[in-house]
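Notes follow once the structure below has been shown.
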Amino acid sequence: MRDQMTSQNFISQKREGRTKIRKSPSFPLYQRATKGGFGSVLTALLILSGPAVAFAASGDNAFTPTNIFVPLSTPAHAIYQISLLVLLICAAIFVIVGGLLAYSIFRFRRRPEHENLEPPQVYGSNQIELAWTVIPILIVFVLILATTRTIYDVQSALPPPDSVNATIVGHQWWWEIRYPDLGIVTANELHVPVTESGKRRPTFIRLESADVAHSFWVPQLAGKIDLIPNRRNLVWIEPTEPGTYVGNCAEYCGLQHARMLLRVIAHTPDDFQKWVAAQKQPPVDNPQLRAGRDAFFSTSCVNCHAIKGTKAKGQFGPDLTHLMSRETLGAGVIANTVENLQAWVRDPQHAKPGALMPNMQLTDGELNQMVAYLSSLK
Ligand code: CUA
């Protein structure tokens, strides 16, 4: 209770400045809450549920990019509904149990006139014992049935005719993204069409791992599903609004687990077709950048990276065919600009310590030429 209060005050202090602390709306609530009894439990609940309700009520995507209470995709909606039901049932249990507890503490508190008196000794009651066995079983049963139905509805969904197929392979610490039907390979940014005006275009994603267990989680689009070595898991998303949805690896997978970020970019169907057409283009081959190209192909870069239609066929690292069409480098660690690309190639360990891409010890001349070539891969 006190911790909650402290953090509430801290927030309002940050928002309104030091002088206004006492005007914080939660402060009078806290004073009332300290008077005890049933009211205190209700007040505590109100304070606790305040932020959750505020989050849920806020539909502004820009401020809630990873908020499960603002679902924008069919499976995420189903999960949101079930989570509301579970929260509601648990809140009711909390109010009842907490209320009875608070009432008992207050009503049967120690009083001076009871000094040296033994309280009444009450032994088993079949009715009460039956009630507190049967009611929880019924509650658990309702939760199991409702959850099972949601899981079944999400997992057994069949792809409609216009759905997109993708495969995501988890690597330490980036996402390989393949579109088997479209012949596209990219990384860290999953581009998908949106479902608009009843025309369904979900994306069905096969999840695999090249090394350890990872977990796909884009909270506004779907539940959390692991990527497990030697196993294929399935997830599907169906965003209903164009935009960028952020997610991250949700299973500890090594040093840079926290910086294994994923973006899902949802396009209108026309824009998605444009993106597909651009990705299908062969890589740019500008004769003026030959020196950089030769530098790239003469180092061991080609052992890990692929550029479509060239001898670079490595699969340990991201495909570079359309490198500059992506928004970030290092799986969301830095923005993808020419300067950042240069810094990244010079020493990947600087931006992402532990990244499996080594410092190639290039001379400044080689580095400049190579980055000039790489940054032409739009
Ligand atoms: Cu990949 Cu955590």
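Quantities reported herein were computed from a predicted structural model and do not represent experimental measurements.
- A donor-acceptor pair under 3.5 Å is absent between the side-chain atoms of R107 and the main chain of S104, judged by distance alone.
- Under the side chain to side chain donor-acceptor pair (under 3.5 Å) criterion, R231 pairs with N233, not counting sequence neighbours.
- Looking at D270 and T268, their side chains never bring a donor and an acceptor atom within 3.5 Å of each other.
- Side-chain polar atoms of E238 and S73 form no donor-acceptor pair below 3.5 angstrom.
- Annotation: F108, atom CZ; neighbour count of heavy atoms from other residues, nucleotides and ligands within 6.0 Å is above 12.
- Heavy-atom neighbours of E113 CD from other residues, nucleotides or ligands within 6.0 Å: above the threshold of 12.
- Using modelled atom types, one finds no donor on one side chain facing an acceptor on the other under 3.5 Å when comparing E251 with S215.
- Residue L262 holds its CG atom at 5.5 Å from CH2 of W175, rounded to the nearest 0.5 Å.
- Side-chain contact check for M370 versus T299: some heavy-atom pair is nearer than 4.5 Å.
- A cation-pi geometry, defined here as NZ or CZ lying under 6.0 Å from the six-membered ring centre and within 45° of its normal, does not hold between R206 and F204.
- Within the structure, ring pair (Phe, Tyr, Trp, His ring centres under 6.0 Å) pairs that include any residue of residues 155-174 comprise H171-W174 (at least two apart or interchain).
- Identified under the side-chain hydrogen bond (donor to acceptor under 3.5 Å, both in side chains) test for residues 360-376, with sequence neighbours left out: Q342-N368, R346-D364, T363-E366.
- Closest approach of I82 to T147, counting heavy atoms only: CD1-N, 3.6 Å.
- A166 and T203 make their closest contact through CB-CG2, 4.3 Å (heavy atoms, listed as atom of the first residue, atom of the second, distance).
- Taking the six-membered ring for Trp and thresholds of 30 and 60 degrees, F272 and W275 have nearly parallel ring planes, at less than 30 degrees apart.
- A 4.5 Å side-chain heavy-atom check between I307 and K313 finds every atom pair outside the cut-off.
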Start with the C-alpha gap between Q220 and L72, add the side-chain angles, then the distance that decides, and say whether side chain to side chain contact (heavy atoms under 4.5 Å, CB included) holds. CA-CA 6 Å; Q220 289 191 298; L72 288 168; 4.0 Å; yes
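- When every heavy atom of S209 is checked against every heavy atom of I228, the shortest pair comes out as CB-C, 3.8 Å.
- Among residue pairs with one or both ends in residues 122-139, none qualify as side-chain hydrogen bond (donor to acceptor under 3.5 Å, both in side chains); sequence neighbours excluded.
- Considering only residues two or more places apart in sequence or on other chains, V212 meets the side-chain contact (heavy atoms from CB on, under 4.5 Å) condition with Q172, H214, C253.
- Rounding to the nearest 0.5 Å places CD1 of I151 at 6.5 Å from CD of Q155.
- Evaluation of the ring-ring contact (aromatic ring centres under 6.0 Å, His included) rule for H322 yields no partner, not counting sequence neighbours.
- How far OG1 of T186 is from CD1 of I168: 10.5 Å, rounded to the nearest 0.5 Å.
- At least one side-chain heavy atom of L341 sits under 4.5 Å from a side-chain heavy atom of L374.
- Closest of all the heavy-atom pairs between M260 and G170 is CE-CA, 4.3 Å.
- Within the 4.5 Å cutoff, side-chain heavy atoms of V302 are placed close to those of F296.
- Under the 4.5 Å side-chain contact rule for hydrophobic residues, L227 and V169 do not share a cluster.
- A single hydrophobic cluster is not seen to contain both V246 and V194; linkage of ILVMFWY side chains at heavy-atom distances under 4.5 Å, directly or through other members, places them apart.
- Residues V97 and I105 do not share a hydrophobic cluster, defined by chaining ILVMFWY side chains whose heavy atoms lie under 4.5 Å apart.
- Within the hydrophobic cluster formed by Ile, Leu, Val, Met, Phe, Trp and Tyr side chains joined at under 4.5 Å, directly or through other members, V284 stands alone, with no partner residue.
- Under the side-chain contact (heavy atoms from CB on, under 4.5 Å) criterion, S300 pairs with N303, M360, sequence neighbours left out.
- Here the shortest heavy-atom pairing between W344 and G330 reads CH2-CA, 3.7 Å.
- Looking at heavy atoms from C-beta onward, V185 lies out of side-chain contact with I177 at the 4.5 angstrom threshold.
- Across all their heavy atoms, V142 and I89 have their closest contact at CG1-CD1, 4.4 Å.
- Within 6.0 Å of CG on L145 lie more than 12 heavy atoms contributed by other residues, nucleotides or ligands.
- Residues satisfying the side-chain contact (heavy atoms from CB on, under 4.5 Å) test with R110, not counting sequence neighbours, are E115.
- For H350, the NE2 atom is loosely surrounded, since the number of other residues' heavy atoms within 6.0 Å does not exceed 12.
- By the criterion of side-chain heavy atoms lying less than 4.5 angstrom apart, applied directly or through intervening Ile, Leu, Val, Met, Phe, Trp or Tyr residues, F297 is not grouped with F316; the two fall into different hydrophobic clusters.
- Considering only residues two or more places apart in sequence or on other chains, H305 meets the ring-ring contact (aromatic ring centres under 6.0 Å, His included) condition with none of them.
- Between Q279 atom CD and K274 atom NZ the span is 15.0 Å, to the nearest 0.5 Å.
- Side-chain contact between V276 and I184: present, with at least one pair of heavy atoms (C-beta onward) separated by less than 4.5 Å.
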Run the side chain to side chain contact (heavy atoms under 4.5 Å, CB included) check on I237 and I205 step by step: do they pass? CA-CA 8 Å; I237 57 174; I205 308 165; 4.2 Å; yes
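- Remark: R200 does not engage D162 in a salt bridge, criterion side-chain N to carboxylate O under 4.0 Å.
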Stepwise side chain to side chain contact (heavy atoms under 4.5 Å, CB included) test for V345 and L367: CA-CA 8 Å; V345 177; L367 179 71; 3.7 Å; yes
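- Between F216 and W236, the distance from one ring center to the other does not fall under 6.0 angstrom.
- A salt bridge links R290 with D285; the closest basic N to acidic carboxylate O contact falls under 4.0 Å.
- A distance of 10.5 Å separates CD1 of I265 from CZ of R326, quoted to the nearest 0.5 Å.
- Using a 4.5 Å cut-off on side-chain heavy atoms (C-beta onward), E189 and S325 make no contact.
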Could you walk me through whether I135 and I139 pass the side chain to side chain contact (heavy atoms under 4.5 Å, CB included) test, one step at a time? CA-CA 6 Å; I135 294 173; I139 293 171; 3.9 Å; yes
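- Side-chain heavy atoms closer than 4.5 Å link hydrophobic residues (I, L, V, M, F, W, Y) into clusters, and following such links, possibly through other members, connects L377 to V338.
- The hydrophobic cluster containing L130 also includes V134, L138, under a criterion of side-chain heavy atoms closer than 4.5 Å among ILVMFWY residues, counted directly or through chains of members.
- In this structure, CG on D347 lies 14.0 Å from NZ on K352, to the nearest 0.5 angstrom.
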Check step by step if ring pair (Phe, Tyr, Trp, His ring centres under 6.0 Å) holds for Y245 and W217. CA-CA 10 Å; Y245 300 85; W217 196 30; over 10 Å; no
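- Checked against ring-ring contact (aromatic ring centres under 6.0 Å, His included), Y252 has the following partners two or more places apart in sequence or in another chain: H257.
- In this structure, P219 and N67 have side chains that are not in contact, with every pair of non-hydrogen atoms separated by 4.5 Å or more.
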